[in-house]
Structures are given as C-alpha cells and as structure tokens.
Amino acid sequence: MALLMKSAMLRSRSFSSAHRLFSCRRIHNPDQISQKIVAVLYEGKEHASFNPKFLGCTENALGIREWLQGKGHEYIVTADKEGPNCELEKHIPDMHVLVTTPFHPAYMSEERIKKAKNLKLLLTAGVGSDHIDLKAAAAAGVTVAEITASNVVSVAEDELMRILILLRNFLPGYHQICNGEWDVAAQSYRAYDLEGKTVGTVGCGRIGRELLKRLKAFNCNLLYYDKFSIGEEFEKETGAKWEENLEEMLPKCDVVVINVPLTERTKGMMNEDRLKKMKKGAVIVNNARGGIMDRDAVVKAIENGQLSGYGGDVWYPQPAPKDHPWRSMPYHAMTPHVSGTTLDAQVRYSAGVKDVLDKFFRGESFPEEYYIVKEGKLASQYL
C-alpha cells in the first residue's frame, strides 16, 4: 500500500512538473499570447465589395482578420483616429500593435505613445512613417517598421503620369469635354512634349530609381540629387547624372520630382527661396509628403508663373481640410493620397503586414530594411 501511494505521488509530481513546463512555454511563446492589434484604415463604403483585392479599407481589414482571430488575437479596425473621443483613443492604453497607412495616417504623437503602455510595434502598411514621433517611439522602446518597397512601383508610375498630365496641360482639355466645350487653343497654348526636357529627382531612393528607369524611354535629360552617387552602373543604365548640390540642380530642371522622406531636415525644404531658383515655368511633382513643401510658397509660385504646374497626392495634414489652398489654385494635378494604394500595392502591403506580424508573434526579426526604429535607434534616412 505504501509503495502504491509513493508511486501515485511521484506520478502526480511528474504531471505537475510537466504541466508547469507546458504552461511556462505557452506564456513565453508570443505566438500563444493573445495580443491586441489595432488597424487604422480608410473606409471603403460602397466600394468595399466591388473587388476582392480591395484589402486596404476598414471593411476588408487588410485581409487578415480571420487569420489573427484564429490565432486568438483581438483585432480592432477603425477609420476614426482624430480627437480625444475617437475610437483609436479608446484602444491606445492596452494595444500591443498599431497598424496604420500613409493614406489615412494615425498620427502617433509623443503624448499618445506615452499613453500606450503595452505598445510594442508601430507598423506602417506602406512606405513612410513620418506620422509617428520617431524619437518618442525610440525612447519608449517601441519598434517602428514599414512594408518597404510594397508600393514603390505604384508611386513611380503615378509620378510619371503626373509629369505627363502637367506638361501636356491635360486637365483643361478633360474639363472642356466634361463641360460640353471644345477649344483646342485653350489647352495647346501651354502643352509641351516630355522628350528633351530635363527632369530632376530630389532624392533617389527606391522610388526615385524606378522613376528614372521609366523616364529613360522618353529621351529626357535625367538628373538626381542625393547625398551619395548611386554608382556608374545605374547611371549608365539610365543616363542619369548625379548632382551634389540641390541649389545648382534646380535651375537646370523643367520638371522636379520630390522623392525624399519627411524628416526634420526636409520639412519645408522647398521654400520660396528654392522655388525662385527654379527655371521659370517649371513643374513640380510631389508624391512624397506634403510637409516637404512650403504650402503658401507653392500657391504664390503658381499664381506669379514661377511654376507652371504642381501635382501630387500628398498633403498636410491628411485628410486635407476643405479650405486647403492647393485645392483651388490653378494648374494643379492634385488628388487624395492614392498613388501608393493601387490594388496591386494593397495585395503587397497586406501580405507584408501579415508576414511582419507573424514574425512579431514568433519573436523573430523582420527584414532589416523594414526597420525605422529598432532597439532605440532610428534608420539613417530619419536622422
């Protein structure tokens, strides 16, 4: 009898020890811990059901709702991101991950980051994390990452489109047709070919390089301003030439394209003085960030003819207020922030978000180029 009792006690201890070990593994395996993920996206409304690839809206939730909930995670998706009583504010104190996009950005200020006691990851579904106070995130030990290259081609194609729209003076002719008019002279008196024009990109990262590759076919004179030369091989491939000095490049260009991130260094860099240095009648395309431009200087340059056109899809703040002066200035080709959220781009950045979250849950590293803030350090482009 004593032997039976001793044997039972040993089995009980063995079971208890195994149970504690199993419980410990569950606690320390991030993939098994329920996390609260909040995604701030734009509303699809009636368009949400029109195309299965339309993943970037609140209704379709990046296509990862079932996957996240199947893993036991809480997934909150909202478009309501402004003001003290918005939906996002309710979840800030206990969320672990915030996913947002450049197209409908949730501005994460230092104040919001300090409130987010559980926050571990700020993830941009797309490219560009200037809606986040990066220094505050670094100080709080929060990782910031983005789905690098997911919409590079989309933005570069859009830039090329806007260059052509502005040079060919396309929009006045389009509006004529919509209004039942017909006046060839009203469009053609300020329409030009792209061939032979000098196009310069301010910044030559992934998007800038893709744009230059596409412009080669138009027989343009191509220039790029950046901190460093990309190298002889790329310059031979595209025919582009490196400009070490922005002030010297601007007067040479018929078209200037902005391709730098918004940082403390680039904020307002295209100010009145720099616009005056540009060739009179040049055009600017900016799909980077609205804050890189001096808003009122752009309006003034369009009105006095220093610029013959301005196009892009980025504003500050976003969404742009109804009285934003770029909406009503002449010779513009402005849209909401859409260049990087084509259906093809949505498939790419949605897949990227899922991959990053999967690695996050497993405690694995992301691809190095995805990191904007890692272990308290900012990526070089934001320094």
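Under the 3.5 Å distance criterion, with hydrogens and angles disregarded, no donor-acceptor pair is assigned to the side chains of T238 and R209. Counting only N and O atoms by type, the side chains of H337 and Q318 include a donor and acceptor under 3.5 Å apart. A donor atom on one side chain and an acceptor atom on the other are not found under 3.5 Å apart for K36 and H73. There is no side-chain donor-acceptor pair under 3.5 Å between Y331 and N169. Between the side chains of Y42 and T341, at least one donor N or O lies within less than 3.5 Å of an accepting N or O. For the residue pair E244/S229, the side-chain donor-acceptor check at 3.5 Å is not satisfied. With no hydrogens or angles considered, no side-chain donor-acceptor pair links E43 and T58 at under 3.5 Å. Remark: the E195 side chain and the N219 side chain contain an N/O donor-acceptor pair separated by less than 3.5 Å.
Side chains of C204 and N259 form no contact here, defined as non-hydrogen atoms less than 4.5 Å apart. Between M249 and V202, the closest side-chain pair of non-hydrogen atoms falls below 4.5 Å. Proximity of D254 to V283: side-chain heavy atoms (C-beta onward) are nowhere separated by under 4.5 Å. Looking at heavy atoms from C-beta onward, L246 lies in side-chain contact with M269 at the 4.5 angstrom threshold. Contact of the I372 side chain with the L134 side chain is registered, since non-hydrogen atoms from C-beta on lie closer than 4.5 Å. Put simply, the side chain of Y225 does not reach to within 4.5 Å of the side chain of L250, judged on heavy atoms. Residues F103 and N151 form a side-chain contact, since some pair of their non-hydrogen atoms from C-beta on lies under 4.5 Å apart. Contact check for E235 versus W242: side-chain heavy atoms found under the 4.5 Å cut-off.
Ring-plane geometry between W67 and F361 is classed as tilted, the angle between the planes lying from 30 to 60 degrees on a 0 to 90 degree scale. In this pair, F170 and Y174 present their aromatic rings parallel. The plane angle is below 30°, not in the 30 to 60° band.
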Salt bridge (Lys or Arg N to Asp or Glu O under 4.0 Å) evaluation trace for K359 with D355: CA-CA 6 Å; K359 287 179 167 61; D355 181 60; 2.9 Å; yes
Do R362 and D358 pass the salt bridge (Lys or Arg N to Asp or Glu O under 4.0 Å) test, and can you show the C-alpha distance, the side-chain angles, and the key distance before you say yes or no? CA-CA 6 Å; R362 296 174 185 274; D358 189 49; 3.3 Å; yes
As a quick check of understanding, evaluate side chain to side chain contact (heavy atoms under 4.5 Å, CB included) for K267 and L262, giving each step before the final call. CA-CA 6 Å; K267 186 176 181 180; L262 178 60; 3.9 Å; yes
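At a threshold of 4.5 Å between side-chain heavy atoms, the hydrophobic network of Ile, Leu, Val, Met, Phe, Trp and Tyr places V155 and V127 in two separate groups. Hydrophobic clustering, with ILVMFWY side chains joined whenever heavy atoms are under 4.5 angstrom apart, keeps V356 apart from V152. In this structure, I165 is not a member of the same hydrophobic cluster as Y310, with clusters built from ILVMFWY side-chain heavy atoms closer than 4.5 Å. Placement of L215 and V255 within a single hydrophobic cluster is found when ILVMFWY residues are connected by side-chain heavy-atom separations under 4.5 Å, directly or transitively. Both I37 and Y349 belong to a common hydrophobic cluster when Ile, Leu, Val, Met, Phe, Trp and Tyr are linked at side-chain heavy-atom distances under 4.5 angstrom.
With respect to the salt-bridge test (charged N to carboxylate O, under 4.0 angstrom), the residues E247 and K277 qualify. Between R214 and E210, at least one side-chain nitrogen of the basic residue sits less than 4.0 Å from a carboxylate oxygen of the acidic one, meeting the salt-bridge criterion. Residues K115 and E89 are paired through a salt bridge, judged by an N-O separation under 4.0 Å between the basic side chain and the carboxylate. A salt bridge links D158 to R162: one of the charged nitrogens lies within less than 4.0 Å of a carboxylate oxygen. Taking a cutoff of 4.0 Å between a charged side-chain nitrogen and a carboxylate oxygen, E87 and K81 do not qualify as a salt bridge. Between D193 and K197, no side-chain nitrogen of the basic residue sits less than 4.0 Å from a carboxylate oxygen of the acidic one, so the salt-bridge criterion is not met.
Sequence neighbours left out, the pairs with a member in residues 369-380 that pass side chain to side chain donor-acceptor pair (under 3.5 Å) are E368-K374.
The backbone N or O of K53 lies less than 3.5 Å from a partner atom in the side chain of N51, making a donor-acceptor pair. Between the side chain of Y224 and the main chain of I230, a donor-acceptor pair closer than 3.5 Å is present. With hydrogens and angles ignored, the 3.5 Å screen pairs a side-chain donor or acceptor of S308 with a backbone N or O of G281. A donor-acceptor pair under 3.5 Å links the side-chain atoms of K216 to the main chain of E237, judged by distance alone. Side-chain N or O atoms of T342 include none that pairs as donor or acceptor with a backbone N or O of S154 at under 3.5 Å. Looking at N286, its side chain does come within 3.5 Å of a backbone N or O of A288 through a donor-acceptor pair. No donor-acceptor pair closer than 3.5 Å links the side chain of T124 to the backbone N or O of G126. A donor-acceptor pair under 3.5 Å is absent between the side-chain atoms of N60 and the main chain of G63, judged by distance alone. Looking only at distances, no side-chain donor or acceptor of D313 sits under 3.5 Å from a matching main-chain atom of T335.
Two rings, from H324 and W315, have their centers less than 6.0 Å apart.
Atom CD of residue Q35 and atom CG of residue D94 lie 11.5 Å apart, to the nearest 0.5 angstrom.
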